Amino acid sequence: MATAGSDLLPRFELSTKVGFFPAAGRAEHSLDPCRLREAVEQTNRDLGRAPDLVFLHNPERSLTGFSAANQDRLGTACAAVERAAAEGLCGGWGISSWDPRSLPGLVDGTLPRPDAVMVRAGLLAGIDVLEASEALAARWGLDPARLWGMSPFGGSATQPLWGKLDPRVFIQEPHDGLSAVQATFRVACWLPRAGRIAVGTDSPSHLGELVDALQYQADAGSLRTYRRLLREQRDRQPL
Ligand SMILES: NC(=O)c1ccc[n+]([C@@H]2O[C@H](COP(=O)([O-])OP(=O)(O)OC[C@H]3O[C@@H](n4cnc5c(N)ncnc54)[C@H](OP(=O)(O)O)[C@@H]3O)[C@@H](O)[C@H]2O)c1
């Protein structure tokens, strides 16, 4: 018997993540290639089809800084997901990282090259995360279309900060009718320059508003200024 929505699945491009294992009372990240493989296979069973893309979830959580051993562990994990893709268990693979600061240093020519990298995006991502995300994409020679953004609202579209900062200053005029939430989302496509942004689908009207925002363009000058201010603020902080 078909499960609810299964007739819709073929009409969507599906991406998911492996590498976080929420076992009862002991949720953990892992780069164990056997567990990653099993998770990809489970995803296939759950969906009734292969996902189009599988991200390795927050590998930095299992890697403490730079070392040859960590480079090796990351390479082995990447190879496991890459192999799953080669065997048709997913259309492609990627790396999703909440805090990619430690990752660019681990990437050399021996690591498999992902099809996509997903990172935090937007005005609240922070300059260190932005720069590390761009460095990570550059290490693999990924163009912006292969960089995906997540958490464009910094977790909440209603937190008090959004009442103090008008994100429409980062959008080219005219932007009559554009809401602050829409502008926040649109700006996330440029911080860092990303081809896709992950958002929730709970509310069709919210989703529609975010899609409508795609017709607006970011103001490159304001974004440059914003990044410069973030860098200056970081550089003023005591070491
Ligand atoms: N960010 C993460 O750390 C993370 C991690 C794993 C999975 N995910 C998944 O990724 C998806 C995106 O999550 P997210 O938290 O980054 O973003 P999101 O759910 O798209 O948006 C965050 C908040 O903004 C609201 N919002 C969105 N569009 C709006 C609009 N046009 N007007 C007013 N409010 C609006 C959402 O309300 P509505 O929900 O009512 O639209 C939600 O409360 C979700 O499915 C989430 O489960 C996120």
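Please read these numbers as outputs of a predicted model, since none were measured by experiment. What's counted below: heavy atoms across the whole structure, side chains too, no hydrogens, waters or symmetry copies. One-based numbering, in listed order, for ligands and for the atoms of each.
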Response to the item:
The protein heavy atom nearest to atom 5 (C) of ligand 1 is Lys17 NZ, 4.4 Å
Practice prompt. Identify, for atom 15 (O) of ligand 1, the protein heavy atom at the shortest distance, and state residue, atom and that distance.
Written response: Gly155 O, 4.3 Å
Worksheet item: Going by atom types only, do Glu60 and Ser97 share a side-chain donor-acceptor pair under 3.5 Å?
Response: yes
Worksheet entry | Partner of Leu136 under side-chain contact (heavy atoms from CB on, under 4.5 Å), chosen from Leu142, Leu106, Val117 | Val117
Practice prompt. Considering only NZ, NE, NH1 and NH2 on the basic side and carboxylate oxygens on the acidic side, decide whether Arg168 and Glu173 come within less than 4.0 Å.
Written response: no
Fill in: Per-atom contact, atom 8 (N) of ligand 1, protein heavy atoms, under 4.0 angstrom
no
Item to complete: Please could you name the atoms of ligand 1 that Ser151 approaches to less than 4.0 Å, counting only its heavy atoms?
Response: 1 (N), 16 (O)
Worksheet entry | Full working for ring-ring contact (aromatic ring centres under 6.0 Å, His included) between Phe20 and His29 | CA-CA 4 Å; Phe20 181 66; His29 293 81; 4.9 Å; yes
Worksheet item: Any protein heavy atom lying closer than 4.0 Å to atom 44 (C) of ligand 1?
Response: yes
Worksheet, complete the sentence: If you scan protein heavy atoms around atom 22 (C) of ligand 1, the nearest is Phe153 CD1, 3.7 Å
Discussion item. Looking at non-hydrogen atoms alone, which of Ala180, Gly122, Ala157 comes nearest to atom 23 (C) of ligand 1?
Written reply: Ala157
Practice prompt. For the residue pair Arg45 and Gln42, confirm or rule out a side-chain donor-acceptor distance under 3.5 Å.
Written response: yes
Discussion item. Tell me which pairs pass salt bridge (charged side-chain N to carboxylate O under 4.0 Å, His left out) where either residue lies in residues 64-75, with sequence neighbours left out.
Written reply: none
Practice prompt. Could you please spell out the steps behind the salt bridge (Lys or Arg N to Asp or Glu O under 4.0 Å) verdict for Asp52 and Arg49?
Written response: CA-CA 9 Å; Asp52 297 284; Arg49 55 162 279 200; 2.7 Å; yes
Worksheet item: Should Arg227 and Glu134 count as an ion pair when the cut-off is N to O under 4.0 Å?
Response: yes
Fill in: Under-4.0 Å protein heavy-atom contact, atom 41 (O) of ligand 1
yes
Discussion item. When you compare the side chains of Gln71 and Asp108, does any donor N or O come within less than 3.5 Å of an acceptor on the partner?
Written reply: yes
Worksheet item: Is any heavy atom of the protein nearer than 4.0 Å to atom 47 (O) of ligand 1?
Response: no
Worksheet item: Relative to ligand 1, is Val181 under 4.0 angstrom through side chain, backbone, both or neither, heavy atoms considered?
Response: side chain
Worksheet item: Would you call Phe185 a ligand 1 contact, heavy-atom distance under 4.0 Å?
Response: no
Practice prompt. Would you please indicate if the ring centroids of Trp162 and Phe153 are separated by under 6.0 Å?
Written response: no
Worksheet item: Between Val169 and Asp219, is any pair of side-chain heavy atoms under 4.5 Å apart?
Response: no
Worksheet entry | Exercise check, heavy-atom protein proximity under 4.0 Å to atom 31 (N) of ligand 1 | yes
Worksheet item: What part of Leu210 sits under 4.0 Å from ligand 1 if we count only heavy atoms: the side chain, the backbone, both or neither?
Response: side chain
Response to the item:
min-distance protein heavy atom vs atom 3 (O) of ligand 1 -> Trp98 CZ3, 3.3 Å
Discussion item. So that I can tick it off, tell me whether Glu87 and Arg83 are bridged by a salt bridge, with the cut-off set at under 4.0 angstrom between side-chain N and carboxylate O.
Written reply: no
Worksheet item: Can you find an N or O of Gly200 that's nearer than 3.5 Å to an N or O of ligand 1?
Response: yes
Worksheet item: Nearest to atom 38 (P) of ligand 1, what protein heavy atom do you find, and at what distance?
Response: His206 ND1, 3.3 Å
Fill in: Within-cut-off N or O pair, Ser203 and ligand 1, under 3.5 Å
no
Worksheet entry | Heavy-atom protein neighbour under 4.0 angstrom from atom 11 (C) of ligand 1 | yes
Discussion item. Once you restrict to heavy atoms under 4.0 Å, what part of Glu209 touches ligand 1? Side chain, backbone, both or neither.
Written reply: side chain
